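Below you'll find the structure, written out as structure tokens, and then a few comments.
Residues take their numbers from the sequence shown, with the count starting at 1. Predicted, not measured: the structure shown is a model, and the values here were computed from it.
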Amino acid sequence: MLPAFAIPVFCITTWASALNDPSSDLPRFGKPLNNLTVSVGREAVFTCIVEDLGPYKVAWLRVDTQTILTIASHVITKNHRIAVTHSGHRTWSLHIKDTRKSDSGWYMCQVNTDPMSSITGFLEVVVPPDILDYPTSTDMVVREGSNVTLRCAATGTPEPTVTWRREAGGTISLSNWHEPVASIEGPELEITRVTRLHMGPYLCIASNGVPPTVSKRIVLIVHFQPMVFIENQLVGAYEGQTLTLECRSEAFPRPITYWTRPSNETIANDENYKVESIPKGYEITMKLVIRSVRIQDFGSFRCVATNSLGETDGKIKLYRIDRPPTTRKPGARRESKKTWKMDHSHEKKAAGMKDEPMLKGDDNGDEQIDFQSATASSVLHRHLLTNLGITVITAILAGSLST
């Protein structure tokens, strides 16, 4: 950088040459110097248009630091990122390469007339947002019922806005007396009396209009002791039935789960029992499949969930019921046979025959009688009836003739 007195010496020398030529016209600027906004790392170019420059010189200066950057086509500053170009001594451009945030400020295009002529423009170097590792929160573990504050420190130019959202969508509930909201603005997210419903990943998103927008993922982990929920605590079953008992457990850290039978023995997978655990987040569905209910299975089964914070169990009582009837009507044939017996009895009475006592176990033997045997019996009785009738008539006629 040249010393401060370099500017007056430069101006006086040029002014003297201009005054020796009274016929020369003073230069003028073709248009104002535009303000520039560029992203950090990009190139900024100020363009100064000077009409009728004549013997005068164009210089570029940094106003806030009073630094001469260029004079005519020469770069004065030692900053290697600065360059100057011109076209026909009318268009003069100042190039600032690989811009930095420190390059922001006022710049001047100056012509050394008497008095000095100049125009100024402002360079704003914008910086996309960035989230600092410190003091931004990392993944946090808290106990259910406690208070928690998540922090997100972001930098950038202009200053970025921080927005909190749940990664999977949904709403954020700050406390019992606040309505849940989809997003919250601010560098801190404060949650009062944390519950298991607050568990999950959160995104802190920083934006300032300069791409790209950035975000950081922070996982909130809530620890709580197991809870067990049972839909049906009383279940009826008959011997030989295949049955599935079910419990639902909520706990974190993930609990150890198991079942006990009525004898209070822990159940393991075998030929009659199958134990299943289906996890989903902090929930676990516990299933016990009994392939064939036995008499020793009637009683109370327990589903147990235990973690480092405690143990909880639930009971399902299995009681005995009668085996349901089959869909077939076993008495249908019996009723038809009873009807046949009634008809057969009526025939015997009409013929004056005496009912013979039924054989022992006749009811049990009914099912062995088929349609053909029943038909044969009916024909036999009709034959006897016919013969009996002929004998009676013959006897009556014989008596009459003897009389």
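In this structure, V50 and P27 approach most closely via the heavy-atom pair CG1-CB, 3.8 Å. Considering every non-hydrogen atom in both A44 and L123, the closest pair reads CB-CD1, 3.7 Å. Taking all atoms of both residues into account, the shortest heavy-atom contact from E311 to P226 is N-CD, 4.4 Å. Annotation for M140 and L150: closest pair SD-CD2, 3.2 Å, computed over non-hydrogen atoms.
Counting only distance, with no hydrogens or angles, the side chain of N269 and the backbone of V275 share a donor-acceptor pair below 3.5 Å. Using modelled atom types, no side-chain atom of S207 and backbone atom of G209 make a donor-acceptor pair closer than 3.5 Å. In this structure, the side chain of T163 does not engage the main chain of E185 through any donor-acceptor pair within 3.5 Å. Of the possible polar contacts, none joining the D130 side chain to the T155 backbone as a donor-acceptor pair under 3.5 Å is found. A donor-acceptor pair is defined here as one N or O able to donate and one able to accept, closer than 3.5 Å; such a pair exists between the side chain of W164 and the backbone of G186. Panel note: side chain T136, backbone D133; no donor-acceptor pair is recorded below 3.5 Å. A distance-only check finds a donor-acceptor pair linking the side chain of R166 to the backbone of H198 [under 3.5 Å]. Side-chain atoms of R291 come within 3.5 Å of backbone N or O of D270 as a donor-acceptor pair. Of the possible polar contacts, none joining the S215 side chain to the C204 backbone as a donor-acceptor pair under 3.5 Å is found. At least one donor-acceptor pair closer than 3.5 Å links the side chain of N307 to the backbone N or O of P253.
Using a 4.5 Å cut-off on side-chain heavy atoms (C-beta onward), F298 and Q296 make no contact. In this structure, V228 and D313 have side chains that are not in contact, with every pair of non-hydrogen atoms separated by 4.5 Å or more. Residues I191 and Y202 meet the side-chain proximity criterion, which asks for heavy atoms closer than 4.5 Å. In this structure, M116 and Q110 have side chains that are in contact, with non-hydrogen atoms separated by less than 4.5 Å. The shortest distance between side-chain heavy atoms of T138 and I218 does not fall below 4.5 Å. Taking the side chain as every heavy atom from C-beta outward, T260 and F301 never approach each other to under 4.5 Å.
Under a 4.0 Å N-O distance rule, the pair R62/D64 qualifies as a salt bridge. Ion pairing of R90 with E51 is present here, as a side-chain N (NZ or NE/NH1/NH2) and a carboxylate O approach within less than 4.0 Å. Taking the charged nitrogens against the carboxylate oxygens, R248 and E250 do have a contact shorter than 4.0 Å, which makes a salt bridge. Look at D52 and R28 and you find a salt bridge, because one of the NZ, NE, NH1 or NH2 atoms lies within 4.0 Å of a carboxylate O, short of that distance. Between E188 and R151 there is a salt bridge, since a side-chain N of the basic residue sits under 4.0 Å from a carboxylate O of the acidic one.
The distance from atom CZ of F252 to atom CD of E283, rounded to the nearest 0.5 Å, is 13.0 Å.
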Verify side chain to side chain donor-acceptor pair (under 3.5 Å) between Y107 and N35, making sure each step is shown before the conclusion.
CA-CA 9 Å; Y107 289 80; N35 295 329; over 6 Å; no

Could you give me the CA-CA distance, side-chain angles and deciding distance for E43 and H95, then say whether side chain to side chain donor-acceptor pair (under 3.5 Å) is met?
CA-CA 7 Å; E43 182 180 7; H95 300 260; 3.0 Å; yes

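Atom CZ of R81 is surrounded by more than 12 heavy atoms from other residues, nucleotides or ligands within 6.0 Å. The local environment of CG in D322 is sparse, with at most 12 non-hydrogen atoms from other residues, nucleotides or ligands closer than 6.0 Å. In I256, the CD1 atom is not crowded: 12 or fewer heavy atoms of neighbouring residues, nucleotides or ligands sit closer than 6.0 Å. Remark: R143 CZ is loosely packed, at most 12 non-hydrogen atoms of other residues, nucleotides or ligands lying under 6.0 Å away.
Residues Y273 and D297 have side chains that bring a donor and an acceptor to within less than 3.5 angstrom of each other.
Between F224 and Y282, the ring centre distance stays below 6.0 Å.
Relative to the ring axis of Y238, R323 does not place its NZ or CZ within 45° and under 6.0 Å from the centre.
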